[in-house]
Protein chains: 2
Amino acid sequence: MTSPSAQLATFAAELRFEQIPETVVRKTEDLLVDWFGSAVAGHGSRPVDSIARFAMSMGGAGEPGSTSEVIVNRRRTSPYLAAMINAAASHVAEQDDVHNGSVFHPAAVVFPAALAVAQAIGASGERFLTASVAGYEVGIRVGEFLGRSHYKVFHTTGTAGTLAAAAAVGNLLGLNTAQMLHAFGSAGTQSAGLWEFLRTASDSKQLHTAHAAAAGLMSAYLAQDGFTGAAQIFEGPQGMAAGMSSDADPAKLVDGLGQRWATVETSFKFHASCRHTHPAADALLQVMKANKLRPGDVARVIAQVHQGAIDVLGPVVNPSTVHQSKFSMGTVLALVARFEHADLNAFDQHFQDADTVAFCNKVEMQLDEEVDTAYPQRWIGKVTLHTTDGRVLHGRVDEPKGDPGNTLSRAEITDKALRLAAHSGGSTPSQMQAAIDALWHIASAERVETLLNP
Amino acid sequence: MTSPSAQLATFAAELRFEQIPETVVRKTEDLLVDWFGSAVAGHGSRPVDSIARFAMSMGGAGEPGSTSEVIVNRRRTSPYLAAMINAAASHVAEQDDVHNGSVFHPAAVVFPAALAVAQAIGASGERFLTASVAGYEVGIRVGEFLGRSHYKVFHTTGTAGTLAAAAAVGNLLGLNTAQMLHAFGSAGTQSAGLWEFLRTASDSKQLHTAHAAAAGLMSAYLAQDGFTGAAQIFEGPQGMAAGMSSDADPAKLVDGLGQRWATVETSFKFHASCRHTHPAADALLQVMKANKLRPGDVARVIAQVHQGAIDVLGPVVNPSTVHQSKFSMGTVLALVARFEHADLNAFDQHFQDADTVAFCNKVEMQLDEEVDTAYPQRWIGKVTLHTTDGRVLHGRVDEPKGDPGNTLSRAEITDKALRLAAHSGGSTPSQMQAAIDALWHIASAERVETLLNP
């Protein structure tokens, strides 16, 4: 009888490119290009700059160990510090991917760690993609394992993300099963990230991804060097479940390992806001289009949501910053009602418009039994809309834009990444296009090279 | 009405040397010299070497930013990486200090962070001591706040330790109150450390202190640069208490701030084992001395302990490594019975002796109501001893050796540090004596210089 921890470690250590179905590889490339746009979008962000300044001042630049690209400043540093900075950059635009069932944003923690190490050790594109899939598969299962009670207080991308980064880097470093299990132990015991920062719109989200990628990477390197960790960090009586969940299910750690590819279940973000707002946003769009309504026709909107949305978005009232407004259901619905798409520009330029605020004040959230029961496997969008002329209308989407059944094409993914780069100024359009082209062909690369800096 | 978080941040930011009573300063010097011995004792430890190799390879050595001493290898690196390595080194010999009420080991996380930054910015000895007191006072109160439910699963030195390091470094960097509160938010949301590693005698304890010192230091530097954190990371509805405790008491965060100096309540370790074994060890010594018993006279020992001892030590049966044996009540009592002092040499040379194992098998733990009720404020030691000739004897100590009422003299502290250095080979006796001399006079130093390397 092997423990769930050991089974998951075996999978992560032994995963090879040849075992991964073609569709999963292609989806991983989609997720990679989509992530890269989000990482470049972190250029110029104040909290990301702070983390970059700290990391660069604490070492690595200009030394022999400076092997890895820092995407937001086009310098190089050690893989540890590059992973830290790139992960901080990846989550700030709120445009990175999400896995519904685990409520986890894999790209922001997996790719920064895997890319930094792939560049450091000169790994092939195949090995880099394989490691990334290992990170997705592990992180998603850890998120599902930790359950809804965990997500009420903890930012799963920070907590499960540490394990995802450890799995990706461990696979890339060629850890054996025993070493991978030690890496999990070291990663899990550093796993952290609390939602409390949302209440004051503070910068912790960037710190959570930075911490997860860096601590996960460190755990894998330490394991390679013989450093040991708990054998059952997930399900043990003083492990992650015991400390940070009341509904953890160890069976979820190993659910369909090697058969079910959770990577392909990952959704792209279409709107530039917290994913919890997307189902209602698309449902609002559906009912407004179907009834040819304009924002002025709307008297009241009830967004019918799952409990997790209320937990995360509920504390945000009267958003005072662009970032906080991405966690305001009212602001998001207002921007969608006004512009059909709550993209980065809409938030930057219009989150405090009088028209936005007026619409925002018409929005309330209500727990909906159907939506809540389906969640987190399915993110159903439902709104009830009262018009100024007294009608009561219902909007609904079963898969919000970006979900696997309603996904983005490669052209849409490329376009999104180009727009993110243009928005942040983190790259010229031609450099960005060249980097994106390289990423679409990464599977055939003999070595993973730097993307934006020479 | 200021929140407990804000009151604690105000205290940590505003603490100045002049406000600290003379006795507290002197005790802090005692704790500093005692810590330094433990840090040098980390020299040659495999897990410490792993963390040092990782950190040194990830940057900082030889650059302009390499300002801070790495005690175990006498090189220099950035304050972030030096704090990480020195903290890993400080906890491995299990000889560092402990605060009873919080079940927290302050020295291992506070001094590594404060020393690395003091050396980096050229702080005076007074500022360094002040920052260290801020770290002790904050960390101890956070540990008390998190409570016994927290300690059942979490290693408080890892969790509260992150806040302690942030407070110390924040004070040293001159953060204002608002910045200190942000540093607390960033530190608390990275707070981590699970006991699960004890079950397999793995290396996480060193990772916990390394993580706490490094993440706490990072949080203070980020706050200085404008990076924000949650305003109520301790008591907020999605903060540390919500996620990691079921009996947290916010009043304890601010208990007697500025009047009660928790620093002086800190105990020194006499035996080289988990502190939970010390009360019973001293009680056993008491009853064996009083009755002139030798180990062969003992048929059975019942160590009457608090629940926390059972939680931490209970999983350790048949210890297979020196480190694990320091968490075995049976081994510790056996070494005390045989040598009167379970010091580093006793563990290294005798933890698996037939005589040790035989005595170990005569020991059991039992929950004792009086001991459990007094804990954690008082660590009463009680044993019931059955002799081979049929007598039933009782041993008792009210304050184990090293507690404030039964403390070590400066000569004993110096001797302990010299012995630790000699044991690890981390320093020659003359170098160690010189460093200790410098530390006894640190209060009058204009700048905190390196201690062992030139």
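As the structure is a prediction and not an experimental result, all values here were calculated from the model. Because only heavy atoms are used, hydrogens play no part in the values below, and waters and symmetry mates are left out as well, while side chains stay in. So you know, we letter chains A, B, ... as the sequences are listed, proteins then strands, and number each from 1.
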#### Entry: chain A contacts, top residue of B/Met244, B/Arg53, B/His182 (heavy-atom pairs, under 4.5 Å)
B/Arg53
### Summary
If you tally heavy-atom pairs under 4.5 Å between each of B/Pro47, B/Pro237, B/Gly193 and chain A, the highest tally belongs to B/Pro237
Between atom [atom1] of [X] and atom [atom2] of [Y], what is the distance when rounded to the nearest 0.5 Å?
X        : Y        : atom1 : atom2 : answer
B/Thr228 : A/Gln206 : OG1   : CD    : 9.5 Å
B/Ser50  : A/Asp225 : OG    : CG    : 3.5 Å
A/His211 : B/Ser219 : NE2   : OG    : 9.0 Å

Please state whether the side chain, the backbone, both or neither of [X] comes within less than 4.5 Å of a heavy atom of chain B.
X        : result
A/Ile51  : both
A/Ser204 : both
A/Phe154 : side chain
A/Phe54  : side chain

Less than 4.5 Å apart, any side-chain heavy atom of [X] and any of [Y]?
X        : Y        : result
A/Met84  : B/Met218 : yes
A/Leu207 : B/Phe227 : yes
A/Gln238 : B/Leu194 : no
A/Thr189 : B/His208 : yes

### Task
Taking all non-hydrogen atoms of both residues into account, name the closest pair between A/Leu217 and B/Met58 and its distance.
CD2-CE, 4.5 Å
### Message
One pair to check against side chain to side chain contact (heavy atoms under 4.5 Å, CB included): B/Glu235 and A/Glu196. What are the steps and the verdict?
### Response
CA-CA 9 Å; B/Glu235 73 280 36; A/Glu196 184 61 25; over 6 Å; no
### Query
Are B/Arg199 and A/Gln232 close enough that a side-chain donor and a side-chain acceptor fall under 3.5 Å?
no
### Query
In terms of heavy-atom proximity below 4.5 Å to chain A, should B/Ser186 be classed as side chain, backbone, both, or neither?
both
### Message
Quick check for you: among A/Ser202, A/Ala82, A/Ser245, which has the greatest number of heavy-atom pairs under 4.5 Å with chain B?
### Response
A/Ser202
